[in-house]
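Since we're looking at a predicted model, the values are computed, not measured.
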Amino acid sequence: MQPLNRRSRLAAFTGLVAAGALVLSACGGGADSAGEGGGEGGTITAGVAYETTNYHPSNTSSALAMGTNWHVMEGLYEFDMSNYELYDALAAGDPEQVSDTEYTIALRDGAKFSDGTDVTAEDVVVSFEKAMADGNLYQSFLTFIDSVEAKDDTTVTIKLKQPFTLLKERLAVVKIVPKDASDDDLTAMPTGSGPWKYTSITDTEITAVPNEHYNGQFPAGASEMRWMVQKDDTTRTTAASDGTIQVMEAVPAENVELLEGAGLTVEEKPGFNMPFLLFNTTKAPFDKPEVRQAFHYAIDRQKLVDNAMAGKATVATSFLPESHPNYKKAEVQFDYDPEKAKQMLADAGVTGGEITLLTTDHPWIANLSPQIRTDLEALGFTVNVQAEASASLYSNNLDVEGTPTFDLALAPGDPSVFGYDPALLMSWWYGDNVWTQKRTFWQTSDKAAFDKLNAVVNEATALEGAEQQAKWDEAQDILSQEVPLYPLFHRTMITAYNADQLDNVKPISTTGLWLVGAQTK
């Protein structure tokens, strides 16, 4: 488990993590009668910046689904997403250590799912089996686990492959679902044991009411909660300004004064959320690390931050953001240097050509592509920009059968929705999973580098203190050298909310919305 000194470090940087802003909103004040489950009156209404059709708690990576599931689902342990402090959720207390590689965990007394059925150890076992299944995006977070077994109806035994000092943090990744729930039901509208329960999920709105069976420490603070899907920045800004929503996710920097003028509180938090360049490392010339590095040198990232982000971001000087407690300035620094980029390409025998830059259609990503195109064309390339919705970008171009044909992609990402330890953040993009197998193909195109990084990360998870930090430092250097996927900058996340209508709103620095503990007035 995480040593106390590391836990205190995480507390010290409260909120200076990840990327995005997650909060809650209330519509109509507190005049309504309390809903089922004892929630306070009123409706909490939030405008969210992402969309999805997959709410499956065992495999979704959607910013929207992660954010809404935080209120409906529970793991054995959960993070307070405003500061990444852990608290007991379905677990009755800390894991009880049997040996260096074996622990038992008792479940919260009387815990029930929102359908009234008891949460049992077998539900926990099945939930871990789903998350750890071959091909699952979560699998790389949990490779240190050898087995999860039911000791009795309310106790589980967890056996590890090796000592692991980040146990509770990783157990929080797995949300516990009813053992008999079908994958179709979990994808469409999952049942959980958290303070809220879903009543409706559509393409444009998600609705939840208090879970009347919840007996944890954070009961619902309103009679209803509604997340309104508003991908367009202008639409969200208008809704926040006119009171249609009380909380706005992902406030554009240029709209801060407007929202403050409308009476909203606006808060900023530096985060991990990043736009990254992802290369097809099986395709020349991107099979060469020096070519990938050259593309990074060619992009004026400070100009991107100043112009496209209105200064609300920090140029990446490592894979981890400077606000992260385990940050180390990486060995390779991509200061804007187009002449160096040209020389590196010349040394690699690359003379330009026609390339396609795939991008997602998120508004803030779309705002980056014109300058990136110009910067890369200055190297002698003809750059075609092809924007698609995030799901289709991956399904149509990256996650395909046969030999990959794409060149490179610009997309946003933020695995800090799952946690904040460096090994988790690195394993998301560089572990033995779909990212390295079917997106960057780094696992096969340069297996030696892939193996080197993952050996370092694996060693770190069994260490503590300075020895562990030395491994995090080494891993950050490796990533700056190889850059199969690497950040351009880390975003400052901005959240707006109506403090006159809500109490205990805690903006966070990762994507999604965080309502746990918020109340209508």
Side-chain angles (χ1 to χ4, degrees), residues 274-304 307-308 316 332-361 365-390 392-413 429 435-450 479-489:
M274 64 172 73
F276 57 79
L277 281 186
L278 178 159
F279 294 92
N280 178 355
T281 66
T282 66
K283 185 176 183 179
F286 307 116
D287 54 339
K288 298 178 179 180
E290 59 269 31
V291 172
R292 302 194 293 264
Q293 286 190 22
F295 270 53
H296 278 276
Y297 281 115
I299 296 172
D300 190 340
R301 296 175 299 161
Q302 188 61 56
K303 185 176 178 181
L304 287 175
N307 295 344
V332 181
Q333 291 298 305
F334 296 107
D335 300 324
Y336 177 54
D337 193 339
E339 293 308 313
K340 181 174 184 176
K342 291 176 184 177
Q343 187 60 54
M344 292 179 73
L345 292 176
D347 291 345
V350 178
T351 57
E354 185 170 341
I355 59 174
T356 296
L357 173 66
L358 301 173
T359 79
T360 65
D361 65 352
I365 292 293
N367 289 340
L368 303 178
S369 59
Q371 184 203 308
I372 293 175
R373 177 181 180 175
T374 298
D375 288 346
L376 296 182
E377 288 190 333
L379 296 179
F381 291 94
T382 299
V383 180
N384 302 309
V385 176
Q386 179 179 324
E388 298 186 31
S390 185
S392 62
L393 181 144
Y394 290 104
S395 63
N396 293 343
N397 302 283
L398 280 70
D399 302 343
V400 297
E401 297 300 324
T403 303
T405 60
F406 77 96
D407 297 314
L408 72 162
L410 171 71
W429 280 309
W435 286 98
T436 56
Q437 294 166 5
K438 301 188 69 173
R439 294 178 178 176
T440 64
F441 299 93
W442 189 51
Q443 186 175 359
T444 53
S445 67
D446 196 342
K447 190 174 186 300
F450 170 86
L479 290 175
S480 74
Q481 297 158 4
E482 299 295 332
V483 291
L485 179 155
Y486 204 69
L488 298 174
F489 55 76

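No side-chain heavy atom of Phe286 sits less than 4.5 Å from a side-chain heavy atom of Val350. A 4.5 Å side-chain heavy-atom check between Thr440 and Asn280 finds every atom pair outside the cut-off.
In this structure, Lys438 and Phe441 approach most closely via the heavy-atom pair O-CZ, 3.1 Å. The two residues Val332 and Gln293 make their nearest non-hydrogen contact at CG1-OE1, 4.0 Å. Between Val400 and Ser395, the closest heavy-atom pair is CG1-O, 3.3 Å. Smallest separation of non-hydrogen atoms from Thr359 and Ser369: CG2-CB, 4.3 Å. Considering all non-hydrogen atoms of both residues, Ala298 and Leu376 come closest at CB-CD2, 4.3 Å. Nearest heavy atoms, Ala341 versus Ala294: CB-O, 3.3 Å.
Side chains of Asn384 and Glu354: a donor-acceptor N/O pair is present below 3.5 angstrom, by distance only. Between the side chains of Ser445 and Thr281, at least one donor N or O sits under 3.5 Å from an acceptor N or O.
Judged by the 6.0 Å distance and 45° axis criteria, Arg301 is not positioned over the aromatic ring of Tyr336.
Tested against Tyr297 for a side chain to side chain donor-acceptor pair (under 3.5 Å), the candidates Lys342, Lys340, Glu339 yield a single pass: Lys340. Residue Leu410 is tested with Leu393, Ile365, Leu278, Val385 for a side-chain contact (heavy atoms from CB on, under 4.5 Å); the sole match is Ile365.
From Leu358, atom CG reaches atom CG of Asn397 across 4.5 Å, with rounding to the nearest 0.5 Å.
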